[in-house]
2 protein chains.
Amino acid sequence: MSGTPTFKRLPRAVREQQMLDAAVRVFSRHGFHAASMDEIAEVAGISKPMVYAYLGTKEELFVACLHREGTRMMEAIAGAAAPELDADERLWRGLRAFFGFVGAHRDGWAVLYRQARGSQPFAGELAAMRSRLVEVVAGMLDHALRAEGVEVSETELEVVAYALVGASESLADWLADHPEADPGKTATRMMNVAWLGAGQLLRGVTWHPPQE
Amino acid sequence: MSGTPTFKRLPRAVREQQMLDAAVRVFSRHGFHAASMDEIAEVAGISKPMVYAYLGTKEELFVACLHREGTRMMEAIAGAAAPELDADERLWRGLRAFFGFVGAHRDGWAVLYRQARGSQPFAGELAAMRSRLVEVVAGMLDHALRAEGVEVSETELEVVAYALVGASESLADWLADHPEADPGKTATRMMNVAWLGAGQLLRGVTWHPPQE
DNA sequence: GAGCATACCTACTCGTGCGTAAGGTTACGC
DNA sequence: GCGTAACCTTACGCACGAGTAGGTATGCTC
């Protein structure tokens, strides 16, 4: 009396992914504290003890979400920005990959950016990831600077990278709240600000993505 | 048997400020959910029912914190960036005022930026304030653009403003985590990124604050 | 088709923390 | 010097949600 045999008794790996999907959704909506394990279990279509059996406590579950989404994002970016390209080309590809990821994983982004920040236990986890991102950007700038023969202190570089990462995160947030917005266009806008600066923009100078 | 008659029975207005101070500290440390009313009362040197009598429920208390800190910040910025100045001068003064505020009110900043973002009930409150900030920046850019005879769409403008605000917030966060850092220097660095862009910086061009 | 492991459930315990009821104490008006 | 109102307390009720105990069903192996 049914085509689909009422989804039951799935293998562990599958259920774990379903749980993580559910957890990311619920955490992104209510935040870590306000989210309840009961709701996560319900959204996953499973009962609570299963969640504990597979993914452990609430904190461990959240860290698992953080890791999955974070890894996905870092891979998306790293895969796009090859080290042998010029600085502007690398920045552009990195930005495009980043905004593409956020556009496709809005819930994951919300967990990473809006939730992990506040609660103490995970601030470290997130800060580490963010640091890697900042270091990549700083390294990129440093590389380009050396090629240009310009000398800048290390903190100086780090701060600039921080600002760029922050601006990108902010725009990513804007993107997450505007489902109709185009990730590619958002990346272009970010590139304009980052590469040219407000001063150039005010003179009517704009940057355009290269034809492929 | 004492110079100070063991602080008791203070007028309402004073106690309310003490409570708000305590609440901002506790909220900034633990976040909204993890913070307990008992601890806030203890830090304020008062018992819990007093907090309820004066400032209402936990949510109302948090909103009160949000309002006080937010208003303080907006006033600091608005007071510094007079509309009759040139765009770069306005931006510079605004940035300096902003980073000055964060440097002096790190706890308040943590509440505004790190805590209010996640929990649903206050996302709106904060977003409204942030919107006003973005509008101010966008208006500034628009003004300068018209003077220059350049035409840009409204969303374009909003997005650029968003990126600038985001970059500033990110650096403010960095500042909050580096107590030894100088707010003025941080503002200068932000100005370099915002006004010149990475492209100019790579060519060795830098911006310096005007002598006063 | 007996046995065993794995998937899965219902129904509970227990701590924590919000919000309050009811009562004590100090200052101030008259 | 006495009422009264504002300030302040201790001690509790109550709900919600994390984590668990113990039991049931299903597929897989021989």
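Order of the sequence lines fixes the chain letters, A, B, ..., with proteins taken first and strands second; residue numbering starts at 1 for each chain.
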Practice prompt. Report yes if some heavy atom in the side chain of A:Leu157 is under 4.5 Å from a heavy atom in the side chain of A:Leu145; otherwise report no.
Written response: yes
Scan nucleotides 26-28 of chain D against the protein and return all N/O pairs shorter than 3.5 Å with their distances rounded to 0.1 Å.
residue : atom : partner : partner atom : Å
D:dT26  : O4'  : A:Arg9  : NE           : 3.3
D:dT26  : O2   : A:Arg9  : NH2          : 3.2

Worksheet item: Picking from D:dC8, C:dA7, C:dT10, which would you name as closest to the side chain of A:Ser47?
Response: C:dT10
Response to the item:
Ordered by number, residues from residues 51-66 of chain A within less than 4.0 Å of DNA chain C (heavy atoms) are A:Tyr54
Discussion item. Between B:Cys65 and B:Leu20, is there a side-chain heavy-atom distance shorter than 4.5 Å?
Written reply: yes
Discussion item. Can you pull out every side-chain hydrogen bond (donor to acceptor under 3.5 Å, both in side chains) where at least one residue sits in residues 179-191 of chain B? Sequence neighbours excluded, please.
Written reply: A:Glu156-B:Arg189
Worksheet, complete the sentence: The side chain to side chain donor-acceptor pair (under 3.5 Å) partners of B:Asp177 (sequence neighbours excluded) come to B:Arg114
Discussion item. I need the CE-C1' distance between A:Met50 and C:dC9, as an integer number of Å.
Written reply: 10 Å
Discussion item. Once side chain to side chain donor-acceptor pair (under 3.5 Å) is applied, do any residues pair with B:Glu60, and if so which ones, sequence neighbours excluded?
Written reply: none
Item to complete: Check whether any side-chain heavy atom of B:Leu66 sits under 4.5 Å from a side-chain heavy atom of B:Val111, and report yes or no.
Response: yes
Which pairs, protein N/O on one side and nucleotides 11-14 of chain D N/O on the other, fall under 3.5 Å?
none

Worksheet item: Looking only at heavy atoms, what is the nearest atom pair of B:Ala163 and A:Met190, with distance?
Response: CB-SD, 4.4 Å
Response to the item:
Residues at least two apart in sequence or cross-chain that pass side chain to side chain donor-acceptor pair (under 3.5 Å) with B:Tyr113, listed by chain then number, are A:Tyr113
Item to complete: Could you list the residues that satisfy side chain to side chain donor-acceptor pair (under 3.5 Å) with A:Glu42, not counting sequence neighbours?
Response: none
Worksheet item: Does A:Arg15 make a side-chain N or O approach to OP1 or OP2 of C:dC8 shorter than 4.0 Å?
Response: yes
Anything under 3.5 Å between a donor and an acceptor, one on a side chain of residues 127-139 of chain B, the other on a protein residue two or more places apart or in another chain? List them.
residue  : atom : partner  : partner atom : Å
B:Arg130 : NH1  : B:Glu169 : OE1          : 2.5
B:Arg130 : NH1  : B:Glu169 : OE2          : 2.9
B:Arg130 : NH2  : A:Ser170 : OG           : 2.7
B:Ser131 : OG   : B:Ala127 : O            : 3.0

Worksheet entry | For A:Arg90, salt bridge (Lys or Arg N to Asp or Glu O under 4.0 Å) partners two or more places apart | none
Worksheet item: Taking the six-membered ring for Trp, are A:Trp109 and A:Phe98 ring centroids under 6.0 Å apart?
Response: yes
Item to complete: For DNA chain D, determine which residues of residues 29-45 of chain A have any heavy atom closer than 4.0 angstrom to one of its atoms, and list them numerically.
Response: A:Ala35, A:Ser36, A:Met37, A:Asp38
Side-chain atoms of residues 31-40 of chain B: list all donor-acceptor pairs with protein atoms under 3.5 Å, sequence neighbours left out, distances to 0.1 Å.
residue : atom : partner : partner atom : Å
B:Ser36 : OG   : B:Glu39 : N            : 3.0
B:Glu39 : OE1  : B:His30 : NE2          : 3.3
B:Glu39 : OE2  : B:His30 : NE2          : 3.2

